[in-house]
Amino acid sequence: SWGGKPLREVSWGLAPHEMGYLDGYRILDPWGHQLDYRVEERKKGGATVRVPLQRPILPGEELDLTVVLRQPDRIHDSQGRKVYVHAGDYPDERLVSRAVLLPEGAEILRVSPEPVAQLEEDGRPLVLWRRWYVAGENAPLRIEYRL
């Protein structure tokens, strides 16, 4: 709970290294509808993403949004395989749900830590994790695969 006033907008920060993710950035409500947003660049680098809500969220209500983005910089080649790594390292503590949709034809070789689910979506492997990160914690989520 954030206090006694209805919430009419949500916002979060983007670090300077996350600015490249804005190409193709989408924000979805719980029913998959795309929401409008604006990006305000900060003088010291990075930006703030602001999402006006279609209706106010009352104190005690929850709001679940999904951010869809491409992170090609998180994938590197290692010994003939592709490796996806997301380290965490958030500026504050938070519960993170992360879904990674791999390319069609990808064969998963190893996933760590154990995911909540490993599925297939339109012929593409999908890996889902949910974990709590404390501020600054570096606890990598990792997928090794080949194409």
Visitor: May I ask whether Val67 and Leu101 are part of the same hydrophobic cluster, defined by side-chain heavy atoms of I, L, V, M, F, W, Y residues being less than 4.5 angstrom apart, directly or through others?
Guide: no

Visitor: Under the criterion side-chain contact (heavy atoms from CB on, under 4.5 Å), I'd like the reasoning laid out for Val85 against His76: C-alpha separation, chi angles, the key distance, then a yes or no.
Guide: CA-CA 9 Å; Val85 178; His76 65 273; 4.2 Å; yes

Visitor: Step by step, work out the side-chain contact (heavy atoms from CB on, under 4.5 Å) result for Leu119 and Glu121.
Guide: CA-CA 7 Å; Leu119 312 166; Glu121 182 73 25; over 6 Å; no

Visitor: What's the separation between atom CD1 in Ile143 and atom CZ in Arg74, rounded to the nearest 0.5 Å?
Guide: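 Between atom CD1 of Ile143 and atom CZ of Arg74 there are 12.0 Å.
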
Visitor: Write down the atom of Arg42, the atom of Gly13, and the distance for their closest heavy-atom approach.
Guide: NH2-CA, 2.9 Å

Visitor: State, with a plain yes or no, whether a side-chain heavy atom of Arg38 is found less than 4.5 Å away from one of Glu9.
Guide: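 Yes, at least one pair of side-chain atoms sits under 4.5 Å.
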
Visitor: Testing His86, Arg130, Arg131 one by one against Arg98 for a side chain to side chain contact (heavy atoms under 4.5 Å, CB included), which residue passes?
Guide: His86

Visitor: With Tyr145 as reference, evaluate Val100, Val111, Val83, Leu102 under the side chain to side chain contact (heavy atoms under 4.5 Å, CB included) test and give the passing residue.
Guide: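 Testing Tyr145 for a side chain to side chain contact (heavy atoms under 4.5 Å, CB included) against Val100, Val111, Val83, Leu102 leaves exactly one candidate, Leu102.
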
Visitor: Where is the tightest heavy-atom contact between Met19 and Ala47, given as atom of each residue plus distance?
Guide: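 Closest approach of Met19 to Ala47, heavy atoms only: SD-CB, 3.6 Å.
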
Visitor: Write down the atom of Pro140, the atom of Pro113, and the distance for their closest heavy-atom approach.
Guide: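 Pro140 and Pro113 have their closest heavy atoms at O-CD, 3.5 Å.
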
Visitor: Looking at side-chain heavy atoms only, is the closest gap between Arg70 and Asp23 below 4.5 Å?
Guide: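 Counting from C-beta outward, Arg70 and Asp23 never come under 4.5 Å.
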
Visitor: Atom OH in Tyr37, atom OG in Ser11: separation rounded to 0.5 Å?
Guide: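 OG of Ser11 is found 14.5 Å from OH of Tyr37.
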
Visitor: So, taking the atom named CG in Asp64 and the one named CH2 in Trp31, what distance separates them when rounded to the nearest 0.5 Å?
Guide: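 One finds 9.0 Å between CG of Asp64 and CH2 of Trp31.
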
Visitor: Would you say that more than 12 heavy atoms from the other residues, nucleotides or ligands in this model lie under 6.0 Å from the CG of Asp36, or not?
Guide: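 Not buried by this count: 12 neighbours or fewer within 6.0 Å.
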
Visitor: Roughly how far apart are Leu14 CG and Thr48 OG1, rounded to 0.5 Å?
Guide: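 Rounded to the nearest 0.5 Å, the CG-OG1 separation comes out at 7.5 Å.
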
Visitor: Side-chain heavy atoms nearer than 4.5 Å, only ILVMFWY residues, links allowed to pass through others: does that put Tyr133 and Leu65 together?
Guide: no

Visitor: Tell me whether Gln34 at atom CD has more than 12 heavy atoms from other residues, nucleotides or ligands lying less than 6.0 Å away.
Guide: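 Buried by this count: over 12 neighbours within 6.0 Å.
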
Visitor: Any chain of hydrophobic side-chain contacts (each under 4.5 Å) joining Tyr84 to Leu109?
Guide: no

Visitor: Search all heavy atoms of Ala106 against all heavy atoms of Pro125 and return the closest pair with its distance.
Guide: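 Shortest heavy-atom separation between Ala106 and Pro125 comes out as O-CG, 3.3 Å.
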
Visitor: Report whether Ile57 and Trp12 are members of the same hydrophobic cluster (ILVMFWY, side-chain heavy atoms less than 4.5 Å apart, transitive linking).
Guide: yes

Visitor: Group every Ile, Leu, Val, Met, Phe, Trp and Tyr by side-chain heavy-atom contacts under 4.5 Å, then state whether Leu141 and Leu69 land in the same group.
Guide: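 Looking at the clustering, Leu69 is in a separate group from Leu141.
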
Visitor: Quick check for you: to the nearest 0.5 Å, what is the distance between Leu58 atom CG and Leu63 atom CG?
Guide: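 Output value for this atom pair is 11.5 Å.
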
Visitor: Should we say atom CD of Glu40 is surrounded by more than 12 heavy atoms from elsewhere, each under 6.0 Å from it?
Guide: yes

Visitor: Can you name the nearest heavy-atom pair linking Gln71 to Tyr21, along with the distance?
Guide: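 Where Gln71 meets Tyr21 most closely, the heavy atoms are NE2-CE1, 3.4 Å.
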
Visitor: Atom CZ of Arg110 and atom CD1 of Ile108: how far apart are they, to the nearest 0.5 Å?
Guide: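 That separation rounds to 13.0 Å.
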
Visitor: Which heavy atom of Leu126 sits nearest to which heavy atom of Ala99, and what is that distance?
Guide: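 Between these two residues, the closest heavy atoms are CD1-CB, 4.1 Å.
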
Visitor: Could you walk me through whether Trp132 and Glu137 pass the side-chain contact (heavy atoms from CB on, under 4.5 Å) test, one step at a time?
Guide: CA-CA 10 Å; Trp132 180 260; Glu137 180 181 13; 5.7 Å; no

Visitor: Using the side-chain contact (heavy atoms from CB on, under 4.5 Å) rule, take Val49 and Tyr25 through it: C-alpha gap first, then chi angles, then the decisive distance, then the call.
Guide: CA-CA 11 Å; Val49 176; Tyr25 203 81; 4.2 Å; yes

